[in-house]
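What follows is one structure encoded as C-alpha cells, with my remarks underneath.
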Amino acid sequence: MDLLTGLNLQQQQAVIAGLGPVLILAGPGSGKTRVLTHRIAYLISHMGVSPYHILAVTFTNKAARVMENRVAELLGDASRGVTLGTFHAICARILRREADALPFNANFVIYDADDQLKLVRQAVNDLDLDPKQHQPARIHAAISNAKNELLLPDQVPINNYRDEAMRRVYQRYQSLLLDNNGLDFDDLLLYTVFLLDNHPSVREKYARRYEHVLVDEFQDTNLAQYTLLKHLASFHRNIFVVGDADQSIYRWRGADYRNVLRFEDDYPQTQKILLEQNYRSTQAILDAAMAIIDHNPQRTPKRLFTERGQGQKAVVFEAFDDRAEAGFVIDTISVLVARQQLQPGAFAVMYRTNAQSRVLEEAFLKANLPYKLVGAQRFYGRREIKDLISYLRLVHNPRDEISLERAIHAPKRGIGDKTLLELRRHAKQVSLSPGELLLELGSNSTSAQREYFKGRSLTALEQFGGLLYRWQILKQDYNPQDLLDRILDDIDYHSYIDDGSDEGRDRWDNVMELRRLAAERKDQSLELFLEGIALVSDQDTVEENANAPTLLTLHAAKGLEFPVVFIVGLNDGTLPHSRSFDDPEEMQEERRLLYVGITRAEERLYLVFAQNRAAYGMNEPAQPSRFLEDLPQDLLANSQPKRSQKQAPEHKAAAFRWPSDTQRSGKSELQQKFHPGMRVNHPIWNEGMVLNSRLQDDDEIVDIFFEDVGLKRVAASLANLQIKP
DNA sequence: AGTCATTCCTTTTTT
DNA sequence: AGGAATGACT
C-alpha cells in the first residue's frame, strides 16, 4: 500500500521523517491529521514498529477517535494496539496501573469542575477564611495554575497574605481530595509527572515501551504536559509533534506556545517541517485570516495558500442587538438553504462565551429550526444527571463524600444536615470515611456502630447504607446500565424527578439519555464508564449525523471545519473579551481565537456584530470589535463598519443609529445603505432579506429575497424600502 | 426535616 | 436575567 499518494511534498517528508525529534508546523487546514495518521501507519507497515510501541496523544477524545479510525482505514487490524488517547485519559490509565506507588487507590474518581469548587469551598471553610475575601473560584484557578506549572503547595511563590492563604487552601484541598480518593483534572497530569520523576523504574518501563511518541495540537501543551512527554520519550527520543502557534488559545489553562521553541532547545537536532498549503478554505477566507493574525507581533509569518480559488469575500453584518444577530443568522441560513442546495448541516455559528448561545437557541427554537449545540457541560452539568452519577460514583468509591452528600439528598430520605454531621463526626472517630461507615451500618445489623445513632436517624442511615451495600455487591456482575436501572428503581427516581410538569418530563428524558449512553458502553466497566464521563470534552459532543447548524464556542471550534461560518458578537468586550484588555498577551490570544474561527470556514464567512449588547441583563451600546478594523476593505463583500469615536456618555445614543440615519444627516455622496443579511420591508412585497447590493448610476441596486414572492431586484431610490431591526 | 425567600454573584474560554 | 448559596419559616 502506498501511504504517500495524495500527499504534498512537505506532508510526505513529515510522514517518512527519520528517527529523532520532529517538529511539524502546520497551518490551519494543512492536513495535519492526515500527516499524523499516515505517519502512524507508515511506522507500522514500513518501519516494522509494533503498534504496542506507539503512543499518540491528543487533547480531545474526538481527535483520538478520528485518528484511530483513520489509521484503521489505512491498515485494518494491523493497526490494533496503538496507545491513543487524550493526555488526561492516558494519565488516568497510568495512575490506575501504578496506584501502589501513589497516595490513592486505583478506584479513584475524577472530580468535575463543580465538585472541585465545592471542595475548595470546604477547604476555605475549614481554614476559617472569609470566602468573600478569598473567593473559592479564584483560589481554585490559582491552584489549577500552580498544578499546571508543577508547583506543590510548598513551592508556590508567596508575595503577600493572599498567596499565603491560597497556599494553605491548596494544601487543605489536596488532602481533602485524598480523603475522598478523588483527583481533579490537573492531578491526573501532576501525579503522573511526579510518578515518572520519582520512580526511575516506572519511568523507564514506559519510556522503553514507547518507541514513538506523537502529539497533536502541541502548542496547547502546558508545562505538566510538556514534562510528561519528555519523560515518556526519554528513552527512544522519537518524538513527533504537530502544532501551530497561531492557534494557541489555551493560555489560561497554562498552555504555552513557547513550548514549540523550548522543544527546539531541548532537542537540538530537531527536524522541522512547515505545512503551508491549505486544503480547506478559499483564498478570500485565508486572506482575511492572515489580515487578522499578521497584527500579532513576534510570530513567524506564514503564507497560507490554497488551490481552491478566490471564492466569496467575507460579509460583515451590523445588527441592532444580539437578537438581531440571531435573526440575521437564521434568515441567512434559511435563504441559503432554500436557494443554493446548501445543507443545514453546512453551517456553524461561533461565539466567544457560552452565555451567547442562549439568544441563538431561542431564535432557532422560535423559528422552529433544529440545531446542534456543542458542549458537554450542558448535559453532564444537569442536576438529574449529576444526581445519578453521584450514585454510581459512590458505589464505585464509597470514600467520595461529595457524591455521598449529593446522593443522600436526592431524593430526600429523612437524613438532614444534623444526621449527616453526626455520621461524619463519628466516622472520623472510628477512622472510616462516612461512606464506609454507612456501608457498615447497612450490612451489619448488629454492628457496634449502631449505638452511636438514635431512633429515626439510625433507621434512615441503615436503610440507605443497605441500599449502598446491595449495589456494591451487584456491581460485581452488573454492567453500568443494569446498575443504573437498579438504582433508578430502588430509589424511585422517576417519581422524584418527574412531577408531571414540562420540566419534569424534560429531566426524565435526560435520565433516559444517560441510560442510553450507558447502554452504548455496555461492555465497559463502571470505572471506565465514570472516567469517560468525567473526561468528555465539549468537542466530543459534536454530532455528525443530524443535518442541522452547529452552535459552538470558538474554543470548541478548533480542529473542525464547516462550509459556512458565522462568527457573532464581534464587539469590543466580547471578542476581544473585556477581561483581556489590560494584558497584551491575552489580547494576542483573543486575536488568535478569531483567527481560529475564521479558518474554520471553507466557503463563506459572516462576521456579525451588534450595536447594543446585553451584559448582566442590561442592554448597553457596544463598539464593533477592534479586530474588524484590521480587515482591509477589499477583503470584504460590503462596506467596513466604522468604530464610533470615544464618546461622552451622554452621546452614547448616537451608537443606536442606523447607517442610513447618519447618511441623511449630512454626507452628500451616495453610500450603500443595504447590506447582505439586512431585513427590509417593501410596501407591496412585505418582508424580505437583502442578498446583495451595489451602487450603480447614482442609485443602489438591491437584490432581495422576499418571503412571499421570492427573489426581486429593486432600485433603492424608487422602492421605498424600510430597514427592519 | 424540608420548603421558601432573599441575596449575591456571575461571564471568558475547558480537560 | 438567571442560578446558587444562605438563611428564615412551617
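Only a predicted model underlies this, so the values are computations on that prediction, with no experimental measurement involved.
When rounded to the nearest whole Å, the span between CG of Asn222(A) and C1' of dT15(B) equals 10 Å. Following rounding to the nearest Å, Leu117(A) (CG) and dT14(B) (C1') show an atom-to-atom distance of 15 Å. Residue Leu535(A) contributes atom CG, which lies 12 Å from atom C1' of dT14(B) at whole-angstrom precision. In this structure, Trp252(A) places its CH2 atom 6 Å from P of dT14(B), rounding to the nearest Å. If you measure from atom CG of Asp220(A) to atom P of dT13(B), you get 17 Å, rounded to the nearest angstrom. Put simply, CD1 on Ile249(A) is 9 Å from P on dT14(B), counting in whole angstrom units. When the C1' atom of dT13(B) is taken as reference, atom CZ of Arg592(A) falls 13 Å away, rounded to whole Å. The distance between atom CG of Leu188(A) and atom C1' of dT15(B), rounded to the nearest whole Å, is 9 Å.
By the salt bridge (Lys or Arg N to Asp or Glu O under 4.0 Å) test, Arg424(A) is found to be paired with Glu401(A), Glu405(A), residues two or more places apart in sequence or in another chain being considered. Remark: Arg138(A) engages Gln135(A) in a side-chain contact (heavy atoms from CB on, under 4.5 Å) (not counting sequence neighbours). Listed by chain and residue number, Arg172(A) satisfy the side chain to side chain donor-acceptor pair (under 3.5 Å) test with Asp126(A) (two or more places apart in sequence, or in another chain). With sequence neighbours left out, Lys32(A) forms a side-chain contact (heavy atoms from CB on, under 4.5 Å) with Ala26(A), Asp216(A), Glu217(A), Val242(A). Under the ring-ring contact (aromatic ring centres under 6.0 Å, His included) criterion, His426(A) pairs with Tyr452(A), Phe453(A), not counting sequence neighbours. Residues satisfying the side-chain contact (heavy atoms from CB on, under 4.5 Å) test with Arg162(A), not counting sequence neighbours, are Asn160(A). Listed by chain and number, the residues in a side chain to side chain donor-acceptor pair (under 3.5 Å) with Lys118(A) amount to none (sequence neighbours excluded). Contacts of Glu513(A) classified as salt bridge (Lys or Arg N to Asp or Glu O under 4.0 Å), with partners at least two apart in sequence or in another chain: Arg516(A). When the side-chain contact (heavy atoms from CB on, under 4.5 Å) test is applied to Gln463(A), no partner is found at least two apart in sequence or on another chain.
For Asn354(A) and dT14(B), the shortest distance from a side-chain N or O to OP1 or OP2 is below 4.0 Å. Listed pair Thr553(A) / dT14(B) meets the phosphate criterion, a side-chain N or O lying under 4.0 Å from OP1 or OP2.
The heavy-atom pair separating Asp186(A) from Ser144(A) by the smallest distance is OD2-OG, 2.8 Å.
Among the atoms of the strands shown, base atoms are found under 4.0 Å from some heavy atom of Glu586(A).
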Taking N or O atoms only and anything under 3.5 Å, show me the protein contacts with nucleotides 7-9 of chain B, one pair per line.
none

Please produce a list of atom pairs where a protein N or O lies less than 3.5 Å from an N or O of nucleotides 1-6 of chain B.
residue	atom	partner	partner atom	Å
dA1(B)	OP1	Gly416(A)	N	2.7
dG2(B)	OP1	Gly414(A)	N	2.9

Are any protein N/O atoms closer than 3.5 Å to N/O atoms in nucleotides 3-9 of chain C? If there are, list each pair with its distance.
residue	atom	partner	partner atom	Å
dA5(C)	OP1	Arg121(A)	NH1	3.4

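Side-chain proximity of His577(A) to dT11(B), dT13(B), dT14(B): nearest is dT11(B).
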Worked check of ring pair (Phe, Tyr, Trp, His ring centres under 6.0 Å) between Tyr250(A) and Phe59(A): CA-CA 11 Å; Tyr250(A) 285 106; Phe59(A) 275 86; 7.3 Å; no
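Of the charged side-chain nitrogens involved, at least one lies within less than 4.0 Å of a carboxylate oxygen, so that Arg251(A) and Asp583(A) count as a salt-bridged pair.
Heavy-atom nearest nucleotides on DNA chain B were determined for Ser580(A) and for Thr60(A), and the one closer to the 5' end corresponds to Ser580(A).
With centres under 5.5 Å and a plane angle under 30° as the test, the ring of Phe87(A) is not stacked against the base of dT15(B).
Comparing the C1' positions of dT11(B) and dT6(C) gives a spacing of 22 Å, expressed to the nearest Å.
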